[in-house]
Amino acid sequence: PAEPTLVLRLKFLNDTERLARVRPGDTVGALKRTYFPGQEQQVRLIYQGQLLRDDAQSLAALHLGHLSVLHCHLSPPSVAPTAPGTPGPRSPTPAALGVGSLALPLFVLLLALLWYLQLQHRHVFTATATTCLAGLTLLVTFVAFAMYRR
C-alpha cells in the first residue's frame, strides 16, 4: 500500500505561506532539501514552539497532522571564513542611527564649543582647565580614530 501524503503549511516570518506535500516517513532533512534546495543550512523549522534540530527525525515521529503549521526562519547565508592575514569581504551595512552613534559627534561638537570659548574668553579658563581640555581632546581623537578605523 502506498504511504499517504500529508500537506503541511510552511509559514514564514513575513506571514507568507507555502504548502508542502510530504509523506510521514520523510525526514526533516528531506523536507529541507526538497523545499529549500541549497539553503538547508540556513533554514530553521519550528513546530509547536520546538526547533527541529535533528534532520534525521521522521515527520511521523513529530505527530504532524494534515495542514499542520511549520514555522520557517531563513537566516542569511554565512560568509566563509578567510585565511588569517587576508582581508575578508566587507559588506556595506548601514549603521543604525541611535544614541551610541551620535555620542562621538556630540562630544566633538562640545569640544569645539569649549575650544571656541577658551580662545574667545581666555581670562575665564585657568591653565589647569586648558590642560584638561587639551587632554580630553586627545582622548576623544584617539577614540574617534579607533571607532572609525574598523
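Everything numeric here is computed off the predicted structure, so don't read it as measured data. Each residue takes its place number in the sequence, starting with 1.
- Shown here is Phe107, whose CZ atom has no more than 12 heavy atoms of other residues, nucleotides or ligands within 6.0 Å.
- Open room surrounds CD on Gln50; 12 or fewer heavy atoms of other groups in view lie less than 6.0 Å from it.
- In this structure, the side chain of Arg44 engages the main chain of Gln41 through a donor-acceptor pair within 3.5 Å.
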Q | Check against side-chain contact (heavy atoms from CB on, under 4.5 Å), His73 and His71 | A | CA-CA 7 Å; His73 175 263; His71 294 275; over 6 Å; no
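- Under the 4.5 Å side-chain heavy-atom criterion for Ile, Leu, Val, Met, Phe, Trp and Tyr, Phe36 and Leu64 are members of the same hydrophobic cluster.
- Between the side chains of Gln118 and Thr130, at least one donor-acceptor pair of N or O atoms lies under 3.5 Å.
- Formation of a donor-acceptor pair under 3.5 Å by the Tyr35 side chain with backbone atoms of Arg18 is not found in this model.
- Under a hydrophobic clustering in which Ile, Leu, Val, Met, Phe, Trp and Tyr are joined whenever their side-chain heavy atoms come within less than 4.5 Å, directly or via other members, Phe12 and Leu45 fall into the same cluster.
- One hydrophobic cluster holds both Tyr47 and Leu74 under the rule that ILVMFWY side chains link at heavy-atom gaps under 4.5 Å.
- Grouping the Ile, Leu, Val, Met, Phe, Trp and Tyr side chains by contacts below 4.5 angstrom, directly or via other members, places Val143 with Leu114.
- Of all non-hydrogen atoms in Leu52 and Lys32, the two that sit nearest each other are O-NZ, 4.3 Å.
- With salt bridges taken as basic N to acidic carboxylate O contacts below 4.0 Å, none links Glu40 and Arg33.
- Hydrophobic clustering (side-chain heavy atoms under 4.5 Å, transitive across Ile, Leu, Val, Met, Phe, Trp, Tyr) groups Leu117 together with Val124.
- Although no hydrogens or angles enter the test, the distance criterion places no donor-acceptor pair under 3.5 Å between the side chain of Ser58 and the main chain of Gly25.
- Formation of a donor-acceptor pair under 3.5 Å by the Thr131 side chain with backbone atoms of Ala127 is found in this model.
- Thr27 and Ala56 get closest at one heavy-atom pair: CG2-O, 3.6 Å.
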